[in-house]
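Note that ligands are numbered from 1 as they come in the structure, with each ligand's atoms numbered from 1 the same way. For the numbers below, each heavy atom of this structure counts, side chains included, while hydrogens, waters and symmetry mates do not.
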Amino acid sequence: MSTFDLHHQDCVRGMARLRDASVDVVITSPPYNLGIHYRKFFDRQDRTDYLEWCRTWAIEIARLLKAKGSFFLNIGAAPSNPLFPHELLLELCDFFTLQNTIHWIKSISIEEKTGDIISRGHFKPIGSHRFLNDCHEYIFHLTREGQTPIDRLAIGVPYQDKTNIARWSHTRGSDLRCRGNTWFIPYETIQNRAKERPHPATFPVQLAEWCIKLHGVTRVQTMLDPFLGIGNSAIAAQHCGVRRFIGFEIDETYLAEAKRRLEST
Ligand SMILES: C[S@@+](CC[C@H](N)C(=O)[O-])C[C@H]1O[C@@H](n2cnc3c(N)ncnc32)[C@H](O)[C@@H]1O
């Protein structure tokens with residue numbers, strides 16, 4: 001039986017009430033300070049103030065994370081501000097070690113051997129003489145000491161060349177290899193944004209599910225998302241049978257939607 005503690009509260013205050021080293025996995029996506037139109041949060045602060053604020057919530061996460069815990073931080077950039085994810089990461093490396101860098105690929109085009117080009121996924125097209133369409137974001141896997149074990153094959157993929165299964169002893173005869181750090185996870189196609197995805201900056205449930213599985217489902221007793229939005233991390237926790245989930249969100253409309261979606265899945 002899972003419990004979901006979803007709070008209408010500022011996450012720094014909310015996290016301050018939680019015990020040291022009580023959380024196994026944190027999966028979150030904070031506001032990026034790139035001018036997204038949230039209902040309540042003002043997403044265009046002075047850069048120094050913003051980074052200082054990020055340090056306040058990161059310190060709390062560092063305090064709450066168990067020694068072998070995982071903090072998966074989803075961060076995107078704007079074409080005109082490409083260094084932002086790395087600037088934030090450098091701040092957070094005062095408290096964490098960067099163990100893995102994962103690229104969340106939202107859309108990709110691949111040329112087949114036949115010469116055909118197939119395109120998959122969705123992205124927001126931009127009109128520009130300078131910038132490419134932005135089709136990816138980062139997931140920084142941050143841990144205390146870079147020594148957190150992961151379950152690579154929990155999100156593994158079959159070998160393309162099956163002869164590798166016998167050739168490499170580490171496969172132990174299994175047709176499953178590590179997926180690597182490029183995760184193609186498209187947004188679901190929706191017809192009505194206001195009804196089906198009433199939030200301007202979400203990640204897909206599958207993204208959080210893969211993070212939980214990579215950490216190891218059996219090693220996740222307690223999971224936290226300080227910036228809950230409409231609850232995609234909570235739904236992933238529900239799918240994976242995580243025992244206890246804690247979420248904070250300052251906007252009651254997003255929080256209500258998260259609760260509604262949890263109850264309906
Ligand atoms: C990028 S969105 C997260 C979206 C979420 N991952 C999802 O898929 O729905 C960031 C969220 O943080 C919320 N937020 C901003 N400041 C907050 C704070 N101090 N405490 C809690 N939530 C906050 C915003 O209202 C916004 O919904």
Side-chain angles (χ1 to χ4, degrees), residues 4-18 23 25-46 49-61 64 71-78 81 84-85 88 102 104 106 122 124 134 136-140 183 185-188 190 193-212 223-240 242 245-262 264-265:
F4 291 88
D5 301 331
L6 308 188
H7 304 276
H8 178 215
Q9 191 176 22
D10 170 83
C11 65
V12 179
R13 288 184 176 204
M15 287 191 286
R17 289 187 295 106
L18 304 176
V23 170
V25 167
V26 178
I27 302 172
T28 202
S29 181
Y32 301 169
N33 203 32
L34 294 175
I36 298 278
H37 294 287
Y38 294 106
R39 280 174 28 90
K40 282 212 160 151
F41 185 82
F42 180 62
D43 195 38
R44 207 180 275 286
Q45 301 174 46
D46 170 75
D49 292 348
Y50 171 80
L51 290 176
E52 194 51 44
W53 173 68
C54 290
R55 291 179 73 90
T56 64
W57 52 254
I59 287 170
E60 281 302 317
I61 293 175
L64 297 176
F71 170 22
F72 294 95
L73 176 70
N74 164 230
I75 285 284
N81 194 354
F84 160 67
L88 176 56
I102 299 158
W104 164 26
K106 300 175 179 180
H122 307 280
K124 206 182 280 174
D134 195 12
H136 88 123
E137 293 193 16
Y138 294 94
I139 306 165
F140 294 125
W183 295 2
I185 307 179
Y187 280 111
E188 271 178 38
I190 52 173
R193 186 168 186 119
K195 276 196 180 150
E196 295 172 67
R197 199 186 296 142
H199 189 287
T202 58
F203 53 54
V205 171
Q206 191 179 25
L207 182 147
E209 266 185 49
W210 283 10
C211 293
I212 297 169
M223 174 174 157
L224 166 71
D225 184 348
F227 301 99
L228 185 68
I230 56 171
N232 287 304
S233 55
I235 293 167
Q238 188 180 48
H239 289 175
C240 294
V242 169
F245 179 93
I246 306 164
F248 298 100
E249 171 57 56
I250 50 167
D251 188 313
E252 66 274 28
T253 305
Y254 297 152
L255 186 72
E257 177 65 8
K259 289 181 178 169
R260 189 197 65 75
R261 294 170 77 219
L262 260 182
S264 68
T265 49

Enquirer: Run the numbers for me: atoms of ligand 1, each under 4.0 Å from some heavy atom of Pro30, listed by number.
Expert: 1 (C)
Enquirer: Looking only at the side chains, is there a donor atom on one of Tyr50 and Asp43 sitting less than 3.5 Å from an acceptor on the other?
Expert: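 No - no donor-acceptor pair under 3.5 Å links their side chains.
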Enquirer: Identify, for atom 15 (C) of ligand 1, the protein heavy atom at the shortest distance, and state residue, atom and that distance.
Expert: Phe41 CD1, 3.4 Å
Enquirer: Taking the six-membered ring for Trp, are Tyr32 and Phe84 parallel (under 30°), tilted (30 to 60°) or perpendicular (over 60°)?
Expert: tilted
Enquirer: Donor-acceptor pair, Glu252 side chain versus His8 backbone, under 3.5 Å?
Expert: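 No; judged by distance alone, with no hydrogens or angles, the pair does not exist.
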Enquirer: Once the angle between the rings of Tyr38 and Tyr254 is folded into 0 to 90°, is it parallel (under 30°), tilted (30 to 60°) or perpendicular (over 60°)?
Expert: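 Judged by the thresholds at 30° and 60°, the geometry between Tyr38 and Tyr254 is perpendicular.
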Enquirer: Return the residue, atom name and 0.1 Å-rounded distance of the protein heavy atom closest to atom 21 (C) of ligand 1.
Expert: Pro226 O, 3.4 Å
Enquirer: Just to check, does Leu228 reach to within less than 4.0 Å of ligand 1 when the distance is taken from its heavy atoms?
Expert: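 In this structure, Leu228 qualifies as a contact of ligand 1 - some heavy atom is under 4.0 Å.
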Enquirer: Once you measure the plane-to-plane angle for Tyr138 and Phe140, does it fall in the parallel (<30°), tilted (30-60°) or perpendicular (>60°) bin?
Expert: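 Tyr138 and Phe140: parallel rings.
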Enquirer: Identify, for atom 19 (N) of ligand 1, the protein heavy atom at the shortest distance, and state residue, atom and that distance.
Expert: Asp10 OD1, 2.8 Å
Enquirer: Considering only protein heavy atoms, which is closest to atom 6 (N) of ligand 1, and at what distance to one decimal place?
Expert: Phe203 CE2, 3.4 Å
Enquirer: In Å and rounded to the nearest 0.5 Å, what is the CD1 to CZ distance from Ile36 to Phe42?
Expert: 12.5 Å
Enquirer: Taking a cutoff of less than 4.0 Å between a non-hydrogen atom of the residue and any ligand atom, is Arg39 in contact with ligand 1?
Expert: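 Flag not set, Arg39 not near ligand 1.
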Enquirer: Under 4.0 Å from any heavy atom of Gln9, which atoms of ligand 1 are there?
Expert: 20 (N), 21 (C)
Enquirer: Could you identify the single nearest non-hydrogen protein atom to atom 7 (C) of ligand 1 and state the distance to 0.1 Å?
Expert: Asn232 ND2, 3.6 Å
Enquirer: Closest non-hydrogen protein atom to atom 11 (C) of ligand 1, residue and atom name please, with distance?
Expert: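 Answer for atom 11 (C) of ligand 1: Glu249 OE1, 3.6 Å.
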Enquirer: Does any N or O in the side chain of Tyr187 come within less than 3.5 Å of the main-chain N or O of Thr202, such that one atom is a donor and the other an acceptor?
Expert: yes
Enquirer: Does the N or O separation between Ile230 and ligand 1 drop below 3.5 Å for any pair?
Expert: yes
Enquirer: If the test is ring pair (Phe, Tyr, Trp, His ring centres under 6.0 Å), which one of Phe203, Trp210, Trp104 qualifies with Trp183?
Expert: Trp210
Enquirer: Kindly identify the option in Ser29, Gly247, Ala236 whose heavy atom sits closest to atom 3 (C) of ligand 1.
Expert: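 Looking at heavy atoms only, Ser29 sits closest to atom 3 (C) of ligand 1.
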